[in-house]
Number of protein chains: 2
Amino acid sequence: MQKLNEIFFYQLEKTIKLYRRYVQARFKDQGFGITVDQWLVLKALSENTKLTQSDLAELVFKDKASMTRLIELLVLKKLVQRAAHETSRRRFKLTITEKGHELIAQITPLVKDNRKHGLHGISLAELQTTEQTLKKIINNCNN
Amino acid sequence: MQKLNEIFFYQLEKTIKLYRRYVQARFKDQGFGITVDQWLVLKALSENTKLTQSDLAELVFKDKASMTRLIELLVLKKLVQRAAHETSRRRFKLTITEKGHELIAQITPLVKDNRKHGLHGISLAELQTTEQTLKKIINNCNN
DNA sequence: AAATAATAGTTGATATATCAACTGTTGATA
DNA sequence: TATCAACAGTTGATATATCAACTATTATTT
């Protein structure tokens with residue numbers, strides 16, 4: 001069998017973990033007291049206010065229980081508010097607070113810069129091929 | 001800013017998480033009572049007996065404390081043995097037990113099949129480009 | 001050789017993730 | 001409309017990850 005280091009999926013894992021570590025370190029450096037996952041949820045919510053906790057869980061690849069707790073944290077940090085849902089008493093209406101919007105505004109340049117830094121020196125063609133490969137793998141794993 | 005779904009690193013994360021989930025499910029289905037991380041450690045050890053716990057931690061992107069506990073589990077499962085190191089009293093000599101070797105032999109076909117399944121329909125050229133992209137990202141994150 | 005720094009690994013505290021069982025609510029259907 | 005299934009979210013138990021502080025040992029410096 002191939003050595004770990006030569007295995008494609010090992011490299012894939014290595015890449016995303018290093019990138020996450022890089023991003024998390026920058027978040028910390030610059031005094032943003034949130035995790036990458038919390039950021040993803042915040043960003044998803046800012047794109048679409050109608051997302052339920054279950055939707056969010058799926059989006060960031062966690063289960064509902066984890067999402068309950070993650071959102072509790074965002075609420076504790078006063079970045080997100082939970083309110084009664086207009087039509088369903090099962091759901092919550094999740095809204096980003098003023099403080100949350102401020103954080104998003106402040107962190108966005110950093111986030112963009114992280115992506116740019118991570119993708120530095122990679123041509124558009126390479127990137128597109130890579131995206132295509134990822135899509136195929138995603139498909140393969142779903143059946 | 002782009003939507004989450006259009007962001008390259010989000011796709012990257014999605015890919016590896018789905019693949020992991022896929023592999024873990026197959027491990028479970030077929031009655032292999034180990035996690036993907038435990039498998040990676042076992043495999044790394046089978047490639048190189050001289051690896052220390054710290055080496056292993058770095059290899060699978062965890063810290064030393066996590067590795068201590070992961071190895072404890074492998075020892076409990078009687079897949080790995082800890083013994084005194086020949087030259088250093090700080091280290092352990094980690095060896096794979098007979099049972100461990102058997103597990104490796106049994107799980108290897110499944111592992112190979114998983115990789116094949118995950119990469120189905122991807123050309124060699126695509127794969128190589130993708131690997132190159134990953135390497136560049138890894139480099140970018142390390143400085 | 002003595003002092004100091006660096007290394008390998010462990011431990012306890014804490015954070016987070018996952019699972020299964022649960023509540024309450026809504027949707028479907030008979 | 002009464003029944004039952006599906007759904008949204010929570011909770012407690014448990015597993016795992018991470019951090020910081022620690023011990024013991026080995027390597028380096030002076």
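Order of the sequence lines sets the chain letters (A, B, ...), proteins ahead of strands, with each chain counted from 1.
Using modelled atom types, one finds a donor on one side chain and an acceptor on the other under 3.5 Å when comparing Thr130(B) with Thr133(A).
What separates CG of Asp37(A) from P of dA15(C) is a distance of 16 Å, to the nearest Å. Atom-to-atom, CZ of Arg91(A) to P of dC7(D) comes out at 11 Å; the value is rounded to the nearest Å. The distance from atom NZ of Lys64(A) to atom C1' of dA21(C) is 11 Å, rounded to the nearest whole Å. Atom-to-atom, CD of Gln53(B) to C1' of dA8(C) comes out at 8 Å; the value is rounded to the nearest Å. As a whole-Å value, the separation of Leu56(A) CG from dA17(C) P is 14 Å. Going from atom NZ of Lys28(A) over to atom P of dA15(C) covers 14 Å, rounded to whole Å. Here dT16(C) presents its P atom at 13 Å from CE of Met67(A), a figure rounded to the nearest Å. Rounded to whole Å, atom C1' of dA17(C) lies 13 Å from atom CD of Gln24(B).
Residue contacts shown for Thr68(A) include a base, since a base heavy atom lies under 4.0 Å away. In this structure, Ser54(B) reaches the sugar-phosphate backbone alone: every heavy-atom distance under 4.0 Å involves primed, P, OP1 or OP2 atoms, never a base. Across all strands shown, Lys62(B) has heavy atoms under 4.0 Å from sugar-phosphate atoms exclusively, and none from any base. At the heavy-atom level, Leu73(B) lies under 4.0 Å from the strands shown only through sugar-phosphate atoms.
Between Thr52(B) and dT7(C) there is no side-chain polar atom (N or O) within less than 4.0 angstrom of OP1 or OP2.
Taking only side-chain atoms of Ala65(A), from C-beta outward, the nucleotide of dT18(C), dT11(C), dG9(C) with the closest atom is dT18(C). Listed nucleotides dT10(D), dA20(D), dT16(D) differ in distance to Arg82(A); the shortest reach to its side chain belongs to dT10(D). When distances run from any side-chain atom of Ser66(A) to the nucleotides dT16(C), dA17(C), dA8(D), the shortest one goes to dA17(C).
Put simply, the side chain of Ile137(B) reaches to within 4.5 Å of the side chain of Leu119(A), judged on heavy atoms. Taking the side chain as every heavy atom from C-beta outward, Leu134(A) and Lys14(B) never approach each other to under 4.5 Å.
Under the 3.5 Å distance criterion, the side-chain polar atoms of Asn140(B) are matched with a main-chain donor or acceptor of His120(A). Side chain of Asn139(A) to backbone of Lys136(A): no donor-acceptor contact under 3.5 angstrom is found.
Scanning atom types as modelled, no donor and acceptor separated by under 3.5 angstrom connect the side chain of Arg89(A) and the base of dT25(C). Contact annotation: side chain of Arg69(A) to base of dT18(C), donor-acceptor pair present below 3.5 Å.
Pairing for dG12(D) is with dC19(C), a Watson-Crick or G-U wobble pair whose two hydrogen-bonding atom distances lie under 3.5 Å.
In this pair, Phe27(B) and Trp39(B) present their aromatic rings perpendicular. The plane angle is above 60°, beyond the 30 to 60° band.
Each of Phe92(A) and Gln38(B) has a nearest nucleotide on DNA chain D; the 5'-most of these lies closest to Phe92(A). Position along DNA chain C of the nearest nucleotide to Arg90(A) versus Leu94(B) favours Leu94(B) as the more 5'-ward residue.
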